[in-house]
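Input: a single structure, listed below in structure tokens.
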2 protein chains.
Amino acid sequence: MGISLGTARDEPDRNDPSIGTLGEDSLVAGVLDRYPSAPWLTVGPGDDAAVLDLTGPLAGPVVACTDTLVEGQDFRRDWSTARDIGIKVAAQNFADVAAMGGRPHTLLVSLTTPADVPASWANEMADGLVAECARAGAVVAGGDVSAGSEIVVTGTALGTLAGPRAVLRSQARAGDVVAVTEGSGRSAAGWALLRAFGGVAVGDLEPALSALVREHRAPVPPYEAGVEAALAGANAMIDTSDGLVRDAARIAHASGVVLDLDPTALAPTPDLLSAASALGISAQEAQDWVLTGGEDHALLACFPPSAPVPPSFRAIGVVRDGEPGVWVDGRPFSGEGGWRHWS
Amino acid sequence: MGISLGTARDEPDRNDPSIGTLGEDSLVAGVLDRYPSAPWLTVGPGDDAAVLDLTGPLAGPVVACTDTLVEGQDFRRDWSTARDIGIKVAAQNFADVAAMGGRPHTLLVSLTTPADVPASWANEMADGLVAECARAGAVVAGGDVSAGSEIVVTGTALGTLAGPRAVLRSQARAGDVVAVTEGSGRSAAGWALLRAFGGVAVGDLEPALSALVREHRAPVPPYEAGVEAALAGANAMIDTSDGLVRDAARIAHASGVVLDLDPTALAPTPDLLSAASALGISAQEAQDWVLTGGEDHALLACFPPSAPVPPSFRAIGVVRDGEPGVWVDGRPFSGEGGWRHWS
């Protein structure tokens with residue numbers, strides 16, 4: 001799913017100076033104005049570092065992760081708005097916090113950008129960060145800006161573990177039910193539509209297909225489902241950012257088990273079939289989106305028989321002993337796929 | 001101090017595959033093997049997120065910041081080893097934690113890199129991270145890798161506030177003593193030597209000059225001095241990463257005061273004068289290194305008359321009322337300088 005078709009360069013605009021023209025201090029001041037505060041933000045963005053008061057409702061083990069979006073690899077400026085990118089970098093980090101059974105509360109963001117990017121791009125990205133933070137119950141605590149030849153946005157998320165312990169990849173056990181939140185394949189379908197119809201024509205698609213594109217541009221991870229899974233007693237969990245099977249395989253290998261998936265539970269939904277039809281491709285390829293499409297940020301979890309599978313999850317298979325790996329339809333999954341860097 | 005002279009590309013080596021050849025999973029596995037654990041690392045790198053137990057000696061307000069190094073802007077691969085870059089990204093983040101009066105304990109790192117970079121580069125950078133973490137009393141808790149057209153390394157540091165409150169930029173008061181830890185100008189001098197003598201010949205320099213180059217490549221921020229300043233009762237503090245005067249001006253503007261600096265206290269040290277001599281430039285230019293050279297990661301603090309200036313700091317001026325800004329030698333400092341992105 002590597003995108004390397006070049007990037008859009010905006011024309012200079014007198015009312016929207018470039019980041020290079022504006023300069024670091026003014027750029028940062030403009031961005032900081034957009035960030036709301038929060039009770040736990042003792043010192044917010046703008047000093048050498050932020051200071052967080054993680055007591056009261058935020059007390060407990062701290063969950064921390066970092067994740068990056070690179071222009072030309074993870075997004076194109078003519079296919080995604082700056083706001084989409086802000087949402088996406090926040091969402092992919094918060095999804096990782098949720099996948100441990102944590103509630104995200106804080107985000108730090110580093111932006112590397114060419115000088116000719118309009119300052120409005122950075123401001124709109126900040127608006128996207130703020131919007132996704134609000135959806136997750138988090139705030140931006142700090143950041144950094146640097147010059148570079150392509151846009152690179154790195155987010156670092158902090159959260160608080162909701163249950164008594166973290167839900168790891170390595171604790172799936174034979175007999176567990178494998179379950180996933182909704183949405184697998186939607187990002188891949190949206191990306192295929194974008195690639196086929198381009199950034200503008202895609203606006204004319206029917207609503208169900210536009211929604212797929214929208215979710216590719218700006219994912220909507222089910223943060224609360226991660227907490228529900230942890231509190232329900234899930235043995236293992238992962239954010240399916242690299243594709244359902246590839247991430248299921250990570251649980252399988254880390255836990256030393258087989259995740260045996262039922263293809264009927266993984267059939268493409270009607271909107272994926274509509275997308276396939278609009279693209280003139282087969283239902284089988286829509287099935288591939290479900291199994292190997294990346295960037296869905298669904299949560300895949302393994303629940304012991306004693307744990308009720310929360311309503312936000314749907315059972316798609318079982319965990320059993322055997323040579324670690326993922327089986328689909330009664331045999332080891334051999335399909336290539338899932339997001340890989342440098343390919 | 002922008003470096004934009006291109007970058008070195010290493011030749012392929014059968015015994016040292018490129019990152020693209022090795023692939024993400026093997027690359028990550030190799031790097032993770034290098035990271036030690038720590039008592040507070042309940043879940044270390046390798047899962048969706050890390051989990052930290054910030055109780056006991058690490059209890060207290062959490063200090064958090066993020067900072068990025070970009071190839072061609074902040075470093076060149078033919079002038080700095082991968083280990084240097086690892087040290088530098090850890091050091092500049094930990095210096096920001098120290099500048100709040102915090103003790104760093106945890107680092108997260110995101111690496112964006114072209115496919116043709118040798119895997120050994122990533123491993124050696126990890127070794128540098130580990131070395132600087134050890135010096136600071138911290139560990140690497142997690143990270144991310146991405147593909148991109150140039151190397152971008154983003155660190156995010158977490159620490160614990162040592163004193164009862166954070167030392168901000170905004171609380172300097174008239175009557176305070178301005179003081180700085182040693183080392184101002186050393187990174188700029190080292191960079192000038194590197195630029196003049198190149199990455200190899202610089203090894204033949206006399207020890208005092210080699211030390212300047214070494215500190216440019218791999219800074220040695222005085223972390224404990226930040227804690228000492230906080231515990232001594234400093235009113236304001238900043239990491240002088242963008243140059244002494246430029247960062248002093250940040251305190252001046254945030255606090256609404258004048259920082260009036262004594263040039264005799266800011267005279268270039270003998271090794272800076274030796275460097276100037278070796279480069280055939282004037283003592284005045286060596287003075288400029290002290291005042292405007294970036295990346296020193298010294299700590300600049302303002303101590304109220306009631307607070308003893310800790311031995312690791314040297315008084316260089318006073319805080320007084322007036323139009324906010326920095327004065328040097330009895331007049332407003334008008335020299336341009338200090339690190340700026342996109343210039």
Side-chain angles (χ1 to χ4, degrees), chain A residues 2 19-20 23-24 42-43 46-54 61-70 72-74 95-97 99-100 102 106 108-110 112 115 141-150 152 154 156-159 161 166 168-170 237-239 254 340-343, chain B residues 2 19-20 23-24 42-43 46-54 61-70 72-74 95-97 99-100 102 106 108-110 112 115 141-150 152 154 156-159 161 166 168-170 237-239 254 340-343:
Chain A
I19 283 174
E24 179 179 351
T42 310
V43 178
D47 214 301
D48 287 296
V51 181
L52 315 174
D53 174 17
L54 302 184
V62 174
V63 185
C65 62
T66 187
D67 211 348
T68 292
L69 290 176
V70 181
Q73 293 285 336
D74 301 304
D96 281 330
V97 171
M100 304 302 286
T106 301
L108 294 105
V109 180
S110 176
T112 298
D144 181 43
V145 292
S146 299
S149 66
E150 64 195 356
V152 179
T154 295
T156 302
L158 303 177
L161 212 58
L168 307 181
R169 297 176 179 184
S170 57
M237 185 155 50
I238 193 166
D239 161 41
R340 282 181 166 76
H341 295 294
W342 309 292
S343 65
Chain B
I19 283 173
E24 178 179 351
T42 310
V43 178
D47 214 301
D48 287 295
V51 181
L52 315 173
D53 174 17
L54 303 183
V62 174
V63 186
C65 62
T66 187
D67 212 350
T68 292
L69 289 176
V70 181
Q73 294 285 333
D74 301 305
D96 281 329
V97 171
M100 304 302 286
T106 301
L108 296 104
V109 180
S110 176
T112 298
D144 181 44
V145 293
S146 298
S149 65
E150 65 195 355
V152 178
T154 295
T156 302
L158 303 177
L161 213 58
L168 307 182
R169 299 177 179 181
S170 57
M237 186 153 52
I238 193 167
D239 161 41
R340 283 184 165 74
H341 294 295
W342 308 291
S343 64

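Quick note on labels: first sequence line is chain A, next is B, and so on, each numbered from 1. All values below come from the heavy atoms of this structure, side chains included, with hydrogens, waters and symmetry mates left out.
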Where does [X] contact chain B at under 4.5 Å (heavy atoms): side chain, backbone, both or neither?
X      : answer
A:A50  : both
A:V152 : side chain
A:I238 : both
A:T154 : side chain

Task: Check: A:E150 side chain, B:S149 main-chain N or O, donor-acceptor pair, under 3.5 Å - done: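 Yes; at least one donor-acceptor contact below 3.5 Å.
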Closest non-hydrogen atom pair between [X] and [Y], with its separation:
X     : Y      : value
A:A49 : B:C65  : CB-CB, 3.7 Å
B:V70 : A:S146 : CG2-CB, 3.9 Å
B:D47 : A:M100 : OD1-SD, 3.6 Å

- [ ] Please say which of A:L158, A:V62, A:L161 ends up in a side chain to side chain contact (heavy atoms under 4.5 Å, CB included) with B:L52.
- [x]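 Exactly one pass, corresponding to A:V62.
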Task: Option from B:V63, B:L168, B:D239 for which side chain to side chain contact (heavy atoms under 4.5 Å, CB included) with A:D48 holds - done: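 Testing A:D48 for a side chain to side chain contact (heavy atoms under 4.5 Å, CB included) against B:V63, B:L168, B:D239 leaves exactly one candidate, B:D239.
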Task: Donor-acceptor pair between A:S110 and B:T68 side chains, under 3.5 angstrom - done: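 Distance-only check passes for A:S110 and B:T68.
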Task: B:P61 side chain near A:D53 side chain, heavy-atom distance below 4.5 Å - done: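 The answer is no, as the side chains (C-beta and beyond) never meet within the 4.5 Å cut-off.
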Task: Heavy-atom pair count under 4.5 Å with chain B, highest-scoring of A:A166, A:A141, A:G143 - done: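 Highest number of pairs under 4.5 Å: A:G143.
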Open item on the list: So, taking the atom named CG in A:L108 and the one named OG1 in B:T156, what distance separates them when rounded to the nearest 0.5 Å?
Closed with: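 So the CG of A:L108 and the OG1 of B:T156 are separated by 6.0 Å.
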Task: chain A contact via B:V51 - which portion, at a heavy-atom distance below 4.5 Å - done: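 Answer is both: backbone and side chain atoms of B:V51 are under 4.5 Å from chain A.
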